[in-house]
Number of protein chains: 4
Amino acid sequence: MVDKKEQILATALRLFVADGFHGTPTSKIALEAGVANGTLFYHYKTKEELMVALYNSIKGELANNILSFAQAEGFITTRFKNIFIHSVYWALKNPEKFYYIQQFNFSPHLAKVPKDIFKQQAMPYTQLIGEGIKKKLLRQQPEELVTALFNGQVYGVCQYLKSAGLDSGEQEKTINEAYDMVWDMLKYT
Amino acid sequence: MVDKKEQILATALRLFVADGFHGTPTSKIALEAGVANGTLFYHYKTKEELMVALYNSIKGELANNILSFAQAEGFITTRFKNIFIHSVYWALKNPEKFYYIQQFNFSPHLAKVPKDIFKQQAMPYTQLIGEGIKKKLLRQQPEELVTALFNGQVYGVCQYLKSAGLDSGEQEKTINEAYDMVWDMLKYT
Amino acid sequence: MVDKKEQILATALRLFVADGFHGTPTSKIALEAGVANGTLFYHYKTKEELMVALYNSIKGELANNILSFAQAEGFITTRFKNIFIHSVYWALKNPEKFYYIQQFNFSPHLAKVPKDIFKQQAMPYTQLIGEGIKKKLLRQQPEELVTALFNGQVYGVCQYLKSAGLDSGEQEKTINEAYDMVWDMLKYT
Amino acid sequence: MVDKKEQILATALRLFVADGFHGTPTSKIALEAGVANGTLFYHYKTKEELMVALYNSIKGELANNILSFAQAEGFITTRFKNIFIHSVYWALKNPEKFYYIQQFNFSPHLAKVPKDIFKQQAMPYTQLIGEGIKKKLLRQQPEELVTALFNGQVYGVCQYLKSAGLDSGEQEKTINEAYDMVWDMLKYT
DNA sequence: TATGAATGAGGTTTCATTCAT
DNA sequence: AATGAATGAAACCTCATTCAT
C-alpha cells in the first residue's frame, strides 16, 4: 500500500484541479484517498497547509527535472534551449500539475509560501540567464526582465498547445519554432 | 452618494483581490460597501453572478481602452505597438483590476462566462494580428500562437515592472525596449 | 412569540446547568430553543460569548434585585440584614441561576468578563459595607475582607439549605439564625 | 527521570487550571509531559479517569495534611483553630491544587466520584465539629450548617488573601484575626 | 511499558441565500 | 429599491481513543 500521505497529496491534486480549492471539501479528498477524515488533518494541520505542501512538492519536482539541463556541460545556448523545451514538455506531460501551479500562483495562498524557498528553487536557472547576459549571448537587459519574458513564453506556448490539439509531430515542430522565436527575442544583438 | 450597485462592485474588487473569492464573504462586501446584506442579493442573484459581473465589467473597460488603438487609422505596425504599450500602461495603472482578471482566469468560475462574449471582446485585436500575418508583417504562424505569445509578453513585462520599482522615466524606457524585443520575436523574417 | 434572543438565553441556562458547558452542544441549545442553528450564532458570535452574555444577564438581574435594599432609607444595619436575607432568598428561588454563576465563577471563562463591570455591579453593596466600617458598626477590617467573608456566608447557607430539604418555615428560621451568626462575626466589638 | 505517571498528573494539573477541562486536550498534556499520546491512555483509561484521579490525589493530600491536626491530642478548640489556619495555609501554598478542587467541585464530573469516599475523607473533620456541638463549645445548630459556614469562611479568607497581596507577616495576622471572627460566629453563646 | 499513526464521530462556526417588511 | 433577521446545509477541524508494533 502506498504511503497515505502521498495518497492524500495525489488525490488533492486531482480534485483541486477539477473543482478548485473552494470546490473541494477536505472530506472528499479523504474519502477518495481512502483514508479517514482525521488522517488528513493528522498529516496536514490545515487545508491550506495541504495546499501549500502540494504546491511545494510539485515545484520541487519541476525544479529537479530542469536542474539537470541547467547544470549540464556544454554551451550555454544549448542548455538554455534544453530548459525551454523540457519545461514545455514537462508541462504537457503533467497538465494537472502545471495547471495547479498556475491556479495557486494566482491565489491569495501564494503569500503563505516563504520567499526564500522561491529564490532557492529558481537559482540554477537564474544563474544561467545571468551568465548568458554577462557573456553577451543574451540581451543586455536586467536579469529579472529576461527571466520574466522567458517564463512568459513558456507559459504562452503551453497555453496554445493545450487548446490547439496537435499531433506529437506537429507539437515538436511548434515547440522548436517557438523556441526560435524566443531566441530571436532574447539573443544578443 | 454613489450608486449602491457600483459601490458593491468596487468593494468586491478590493476584497476579492485582497483575500480571494473564498476568503471574502458576501456579508463583508455588503458591510464595507455600506449596504445591507440583502441589498447585495437584490442586485446580484448569487455571489458568482457578482464575480462574473465584475469580471465582465473590467474586461469591458480594458477592451474599450484598447479598442481605439486597434481600430485607429495608420500602419498596422504602429497600431500593434500601441496596443502592447497601452495594455501594459493600463495594467500598471489598474493593478487590482489586472490581478483580478488573472485570478478569475485561473479559477473554475471562468467556465461560467459564455465563450462568445470572449471572442467578441478579443475580436478587433485578433483581427489585427490575423491581418498582420496575412500581409507578411508578422511571422507565418497560427494566429492563436502569435496571440498567445504576445499576451505572454504583456503579462511578463507587467510582472517585472511590478516588482522592479522603477521611476516613470525608466518604466517608459523599459516598456519600449520590451516592445522592441517582442517585435523581434513576432516580426516577419 | 418570545424574543428569540431571550429564548436562546433561557434554554442555554437550563442546559448548561444540567449538562455543563462542554456537555451542551450549541446545536442542542438551538434545537430546544426552537431556532435554527445559525440563529444562535447570529445573535452570539461564539459559544463563549453566549456563556458570558448569560452570566452578565444573571448578575445584572441579581444586582438589580439587591440594589433596592442597599439603597433603601433606614439604618445601615437593617439594610445590611436585608441584603443578606434577600440574597439567600433569591438564590433559593433561582437555583439554576445561582448554580450557573458558581459554575461560571470557577471556570476559565471568567477571565473574559471585563473587571470594571464587576466592580460597578458590586459598588452599592461595597459602599454600604465601607460605610458600616467607617461608622464603627462593623469590624475594623479591610472592606474587601469583610465583603469576602460576608459573601462566603451567603454561599455557605445556600449550600446547606439546598441539601437540607427543610420546609419554608424552618428555612426562614435557619436563614435568620444564620444571619445572627454572621452578624456576630462582622459586628463592631 | 520522574515517573511518567506522576509527570502526567502534574502536567494535567497545570493545564487544567490554566485552560479548563475542555480547553485542555489530552494530546497537549501528553506533549508537555514529554510522553507519547498513547502512554497517557495506558495509565488512565479515559480523560475523565485522569481528571478524577487528579482530584482524588489532591483531596487525599489535603486530607492527610489536615488529619494530623484534627486527630491531635489537646483541647477541641485548639484543634479547631489549627484546622482552620492550616487549611488556609495549605491553600495559599498550593494555589493550583486549591483552584483545581473548586473547579472540579463545580463541574458535572463531580458526580463520578463515589460519595462514600467523600464522607470518609471528611469524617475526622465532621466528627470534630459534631463533638464540639455536643460538648456545647459550638453553636447548637445542625452539624452540616456549621460545617458549611466554616468551609465558607476558609474559602472567603483565601479569596481575599489571593487578591490582597500582603507580606507574610500581615498574612499571618489576617488569618488569625479572621479565625477570631469565625470563632465569634460559631462559638457557643 | 511505551509508542504514535490512524480513526471517525461530533463540535463549532461560516455563509450564501431568502423573505417579510 | 432596500433591509437585516433568520435559516440550515455544509465546511473545517478537534480530539478522545485504539491498536499494531
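The shown structure was predicted, so the numbers you read here are calculated from the model rather than taken from an experiment. Each chain gets a letter, A, B and so on, in the order the sequences are listed, and its residues count up from 1.
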> Step by step, would you call L50(A) with T26(A) a side chain to side chain contact (heavy atoms under 4.5 Å, CB included)?
Replying inline: CA-CA 10 Å; L50(A) 167 62; T26(A) 53; 5.6 Å; no
> Quick one: Y44(A) OH to dC12(F) P, roughly how many Å, whole number?
Replying inline: 16 Å
> Given atom CZ of F41(B) and atom C1' of dA20(E), what is their separation to the nearest angstrom?
Replying inline: 18 Å
>> Before we go on, tell me: are the rings of F21(A) and Y100(A) under 6.0 Å apart, centre to centre?
In response: yes
>> For N37(B) and T46(A), find the nucleotide of DNA chain F closest to each by heavy atoms; which residue's nucleotide sits nearer the 5' end?
In response: N37(B)
> Which sits closer to the 5' end of DNA chain E, T24(C) or G34(A), going by the nucleotide each is nearest to?
Replying inline: G34(A)
>> Could you go through K28(A) and D19(A), starting from their C-alpha distance and side-chain angles, then the distance that decides it, and tell me whether this counts as side chain to side chain contact (heavy atoms under 4.5 Å, CB included)?
In response: CA-CA 11 Å; K28(A) 195 178 179 191; D19(A) 306 325; 3.4 Å; yes
> What's the CG-P distance between L40(B) and dC19(E), to the nearest Å?
Replying inline: 17 Å
>> Which nucleotide wins on minimum distance to the side chain of K47(A), given the candidates dG4(E), dT7(E), dC12(F)?
In response: dC12(F)
> Looking only at atom C1', what distance separates dT1(E) and dT21(F), rounded to whole Å?
Replying inline: 13 Å
> If only side-chain N and O atoms of T26(C) are considered, is one of them under 4.0 Å from the OP1 or OP2 phosphate oxygen of dT12(E)?
Replying inline: yes
>> Please report the distance, rounded to the nearest Å, between CG in L50(D) and P in dC15(F).
In response: 15 Å
> dA6(F) C1' sits how many Å from L31(C) CG, rounded?
Replying inline: 16 Å
>> side chain to side chain contact (heavy atoms under 4.5 Å, CB included), that's the test. Do I58(A) and L13(A) meet it? Break it down for me.
In response: CA-CA 10 Å; I58(A) 295 176; L13(A) 171 61; 4.0 Å; yes
> Any chance CD of Q120(C) has more than 12 other-residue heavy atoms, nucleotides or ligands included, within less than 6.0 Å?
Replying inline: no
>> Less than 6.0 angstrom separating the ring centers of Y99(A) and F104(A), yes or no?
In response: no
> Between atom CZ in F21(D) and atom P in dC15(F), what is the gap in whole Å?
Replying inline: 16 Å
> Does K4(D) put a side-chain nitrogen or oxygen below 4.0 Å from OP1 or OP2 of dT3(E)?
Replying inline: yes
>> Checking R14(C) against E32(C) for the salt bridge (charged side-chain N to carboxylate O under 4.0 Å, His left out) test, could you report, in this order, the C-alpha distance in whole Å, the side-chain angles of both residues, the deciding distance, and whether it holds?
In response: CA-CA 10 Å; R14(C) 180 164 49 79; E32(C) 300 207 7; 3.0 Å; yes
> Name the stems with DNA chain E in them: runs of three or more consecutive Watson-Crick or G-U pairs, distances under 3.5 Å?
Replying inline: E:2-21 with F:2-21
> Whole-Å distance between dT12(E) P and H109(C) NE2?
Replying inline: 11 Å
> Given atom CG of L15(B) and atom P of dC15(E), what is their separation to the nearest angstrom?
Replying inline: 13 Å
>> Using OP1 and OP2 only, check whether a side-chain N or O of S27(D) sits under 4.0 Å from dC15(F).
In response: no
>> Can you identify which nucleotide, out of dA6(E), dA2(F), dT3(E), has its nearest atom closest to the H43(A) side chain?
In response: dA6(E)
> 5'-most contact on DNA chain F: P25(D) or H22(B), nearest heavy atom basis?
Replying inline: H22(B)
